[in-house]
Amino acid sequence: MEPRRTGISLSHILAVTLLLHSASSAIAAHPTPTERLGACTPQMGHREELFPNSKGLRVVVVRFVGQDGPSEKMGADLAYSLSQELPTYIRRSLQGDAQAAGLAEEDVQVSYIPCLMSSHTQAREVGKAWDADLVFWGQASCSVNNPQSCKLAPVVDKEAQFSVKVEGHVEAKRGNVQIGFNDNRKVTLALPVSTGKFRTSVTLVHWRGLQERSDQAVRIDPASVLDLDFPRLASERPLSLFRWAVGVYAFFSQRYALAAARFEESAAELYSGAEERSQLYRVMGTSYLYAGRPMLGLAAMEQARASCTGGDERCLGTALQNLGWASARIGEKAKALSFYEQALPLLRRVADRSGESTALNNLGAVYNAQGESAKALSFYEQALALSKMIGDRLGEATTLNNLGAAYDTSGEKAKALSFYEQALPLLVQTGDRAGEATTLNNLGALYFVLGEKAKALSFYEQALVLRTLIGDRFGEMTTLNNLGAAHDALGDYEKALGFYGKSLLLSRKTGSAQSEASTLMNIGSIHDSLGHRDSAIDYYSQALPLLTQERDRVGLARAFSRIGVIYDNIGAKTDALSSYKKALPFLRVIGDRSGTASVLNNIGAVYDALGDKVEALSHYEQALVLLKQVGDYAGASRTLNNISGVYEALGDKAKAVSR
């Protein structure tokens with residue numbers, strides 16, 4: 001089952017996107033910089049005229065405000081040039097990235113309206129009436145005593161570009177991006193002389209469906225968005241926004257390796273100038289984590305926390321919550337718990353009820369993963385009450401799903417089914433198709449365990465349709481794997497391999513090392529069942545470097561154990577012993593006493609077969625202690641038989657009998 005963690009809030013992402021062609025303005029067929037309207041009002045634009053194409057992302061650029069005549073003219077020239085030159089620049093310079101991010105020319109439109117905006121509130125209200133997704137506005141100033149400062153430099157002309165030198169490295173391998181990102185990194189900017197002062201602001205009005213592309217760990221609130229101001233962003237530098245834009249669109253298309261690379265390119269240019277750097281680093285960190293670069297992701301999340309200024313408890317609470325999510329994702333549950341516990345009182349103090357509910361849900365998820373179901377249920381119930389109190393139906397549905405997952409894990413299948421069935425209609429009502437798919441997937445897993453295979457397959461298939469439709473690539477891979485596992489359990493290995501094969505292709509395309517490793521393990525398991533032992537070892541071995549990269553200690557323990565069993569079965573005892581010994585430390589670190597006992601027994605059996613009775617006894621005795629601790633008396637009985645067999649072989653009949 002999949003609990004819906006909501007630790008990363010991407011409601012604060014700058015959703016700039018590529019502008020590949022211009023649309024005509026509602027004010028004039030071809031507005032010019034000399035045209036001037038007053039304050040922007042809803043009546044100045046109509047969707048049908050501004051955006052002839054009913055689909056795609058819609059962008060409006062308005063005049064930049066100037067405090068005097070020269071500044072006003074310069075600001076108007078800047079805004080108009082920006083609206084006119086962007087399509088050309090995008091076609092010329094970013095076409096390859098656009099294709100890689102999944103953008104088509106009809107996906108985006110831009111219009112210019114020569115009116116004035118002075119606040120994010122105004123931009124959002126008016127932009128909503130225009131049915132725009134994104135509004136560019138700003139301020140400009142220059143010196144009356146220095147006419148040269150009022151001349152507009154080309155917005156995208158190559159002579160106006162600047163150079164960025166980063167002392168680090170960028171590597172791309174198998175879809176994952178590794179970037180030099182450390183405390184000693186040095187960035188040098190070589191800028192041309194500024195012709196004036198600018199403040200470029202970007203207001204996000206609508207997500208227009210992009211929130212449905214998030215996976216279950218990401219909750220996006222379209223009503224709460226990031227308003228970005230770039231006080232140091234001069235006319236020579238607006239294009240750095242669009243390098244960031246490619247990263248944002250790539251992120252929502254689940255192309256996380258591409259997203260991580262673009263964010264790194266734009267970081268030196270934008271992050272130092274933005275007033276809300278914490279949110280920028282948060283998105284960057286999320287991309288790194290999804291792209292299989294956990295250490296870079298954690299570093300960016302730490303930057304997000306460090307960027308919270310002036311005792312901003314809301315910012316700090318959100319940043320700590322995101323650090324908790326990042327830590328949980330790489331298996332560091334204790335750290336995750338600590339971050340969530342620090343975040344909760346901060347979010348309560350600033351009366352962020354939605355954030356508080358998220359923190360409670362995340363605390364429940366950690367405790368549930370640790371097997372402390374009573375604590376998990378307590379946190380989930382608090383989150384549920386809070387969501388109902390504030391009328392957050394989406395939060396309520398998320399918590400109902402989590403309650404279902406908790407009861408599912410604890411074996412109370414009837415209660416789990418009840419909570420999943422309560423969550424599903426709420427998710428449909430709120431239009432949360434990603435959440436709907438997660439719950440359908442959980443229902444499939446539940447019915448499969450209950451032995452109702454036809455129902456299970458039906459729910460999995462519904463979940464797959466939704467996840468494919470909304471572009472939830474990671475959810476799609478999860479459901480493909482579940483369908484493969486279902487057909488595997490039914491003995492239909494051909495269908496199982498078909499679903500696993502689709503998941504493997506998708507995981508490699510998106511650069512998901514974690515999903516790729518999981519699928520390789522599943523394919524290896526089928527080949528093992530079919531007796532294709534060389535193929536099984538090959539697939540398990542392919543998974544090992546990916547599991548190491550992800551620091552997936554559970555996966556590494558499983559892989560080495562399975563390889564050891566295969567070698568053991570074919571009589572390659574030395575190779576079996578080597579693999580078992582590699583599995584053992586991972587099992588001990590994750591605290592899997594049953595798994596540790598099993599491998600200790602296997603090691604004992606190998607030493608027994610090799611004639612080393614002393615080592616065999618040592619490992620059997622260690623296994624026996626653990627089996628008694630976990631109450632596995634059947635396993636303990638088998639281990640006692642193994643010990644008796646060794647003593648009998650040594651000729652010590654008394655000890656053999658006593659055992």
Side-chain angles (χ1 to χ4, degrees), residues 1-9 214-221 317-348 352-390 392-424 426-427 430 432 434-436 438-439 441-443 445-446 475 478 554 590-591:
M1 77 296 300
E2 298 174 64
R4 297 201 70 216
R5 290 191 181 89
T6 53
I8 294 293
S9 172
S214 62
D215 86 354
Q216 71 270 11
V218 183
R219 181 176 173 192
I220 297 173
D221 178 7
T318 302
L320 286 165
Q321 181 135 255
N322 293 331
L323 273 167
W325 174 82
S327 299
R329 185 175 176 84
I330 63 173
E332 296 184 352
K333 305 298 183 185
K335 283 188 177 180
L337 197 60
S338 173
F339 286 128
Y340 290 148
E341 288 172 341
Q342 293 175 65
L344 187 59
L346 292 172
L347 295 166
R348 281 175 170 163
D352 183 351
R353 302 303 179 213
S354 179
E356 181 183 348
S357 176
T358 296
L360 290 166
N361 262 310
N362 288 336
L363 281 163
V366 173
Y367 280 117
N368 193 50
Q370 291 179 340
E372 299 186 53
S373 57
K375 281 188 177 180
L377 289 169
S378 172
F379 281 112
Y380 287 150
E381 285 161 1
Q382 292 177 62
L384 183 62
L386 189 57
S387 294
K388 287 180 176 178
M389 183 183 77
I390 63 178
D392 181 1
R393 291 190 300 164
L394 182 55
E396 182 182 348
T398 295
T399 309
L400 286 167
N401 184 80
N402 289 348
L403 280 162
Y407 281 115
D408 202 347
T409 301
S410 65
E412 298 186 57
K413 303 300 181 183
K415 283 187 177 180
L417 184 60
S418 171
F419 281 112
Y420 289 149
E421 288 177 340
Q422 291 177 63
L424 196 57
L426 276 176
L427 293 162
T430 56
D432 182 6
E436 182 184 350
T438 295
T439 303
N441 192 77
N442 289 351
L443 281 163
L446 178 59
T478 296
V554 174
I590 64 178

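Just so it is clear, the model here is predicted, and its values are computed rather than measured.
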Next item on the list: May I have the step-by-step check of side-chain contact (heavy atoms from CB on, under 4.5 Å) for Leu323 and Gln342, ending in yes or no?
Entry: CA-CA 11 Å; Leu323 273 167; Gln342 293 175 65; over 6 Å; no
Margin query: Can you give me the closest heavy-atom contact between Ala423 and Ala397, atom names plus distance?
Written below: CB-O, 3.7 Å
Next item on the list: Determine, step by step, whether Met389 and Leu386 satisfy the side-chain contact (heavy atoms from CB on, under 4.5 Å) criterion, reporting the C-alpha distance in whole Å, the side-chain angles of both residues, the deciding distance to 0.1 Å, and the verdict.
Entry: CA-CA 5 Å; Met389 183 183 77; Leu386 189 57; 3.4 Å; yes
Note to self: Arg393: which residues meet the side chain to side chain contact (heavy atoms under 4.5 Å, CB included) condition with it, sequence neighbours left out?
What the structure shows: Leu426, Gln429, Thr430
Note to self: Among residues at least two apart in sequence or on other chains, which ones pass side chain to side chain contact (heavy atoms under 4.5 Å, CB included) with Ala336?
What the structure shows: Ser327, Ala328, Tyr340, Val366
Next item on the list: Using modelled atom types only, decide if a donor and an acceptor are shared between the side chain of Thr358 and the backbone of Ser354 within a distance under 3.5 Å.
Entry: yes
Checklist line | Separation between CD of Glu341 and CG of Asn362, rounded to the nearest 0.5 Å | finding: 12.0 Å
Note to self: If the condition is ring-ring contact (aromatic ring centres under 6.0 Å, His included), which residues does Phe339 pass it with, not counting sequence neighbours?
What the structure shows: none
Notebook entry, point to check: In terms of side-chain heavy atoms, does Asn442 have a donor or acceptor partner in Asn401 at a distance below 3.5 Å?
Noted result: yes
Checklist line | Test item: Leu417 and Asp408 side chains (from C-beta on) under 4.5 Å apart, heavy atoms | finding: no
Notebook entry, point to check: To the nearest 0.5 Å, how far apart are CG in Leu403 and OG1 in Thr398?
Noted result: 11.0 Å
Check: Closest approach of Ala376 and Gly364, non-hydrogen atoms and distance?
Finding: CB-O, 3.2 Å
Next item on the list: Scan residues 357-375 for pairs that pass salt bridge (charged side-chain N to carboxylate O under 4.0 Å, His left out), counting only residues two or more places apart or in two chains.
Entry: Glu372-Lys375
Margin query: Test of understanding: with side chain to side chain contact (heavy atoms under 4.5 Å, CB included), list the residues that count as partners of Ala383, not counting sequence neighbours.
Written below: Ser357, Leu360, Asn361, Thr399
Next item on the list: Kindly give the heavy-atom pair with the smallest separation between Ala359 and Leu344, and that separation in Å.
Entry: CB-CD1, 3.8 Å
Check: Is any side-chain heavy atom of Asp392 less than 4.5 Å from a side-chain heavy atom of Arg353?
Finding: no
Note to self: Using the rule given for side-chain contact (heavy atoms from CB on, under 4.5 Å), can you reason through Glu396 versus Leu400, listing the C-alpha separation, both sets of side-chain angles and the distance that settles it, and then say yes or no?
What the structure shows: CA-CA 6 Å; Glu396 182 182 348; Leu400 286 167; 4.1 Å; yes
Next item on the list: Tell me, please, which residues at least two apart from Lys415 pass salt bridge (Lys or Arg N to Asp or Glu O under 4.0 Å).
Entry: Glu412
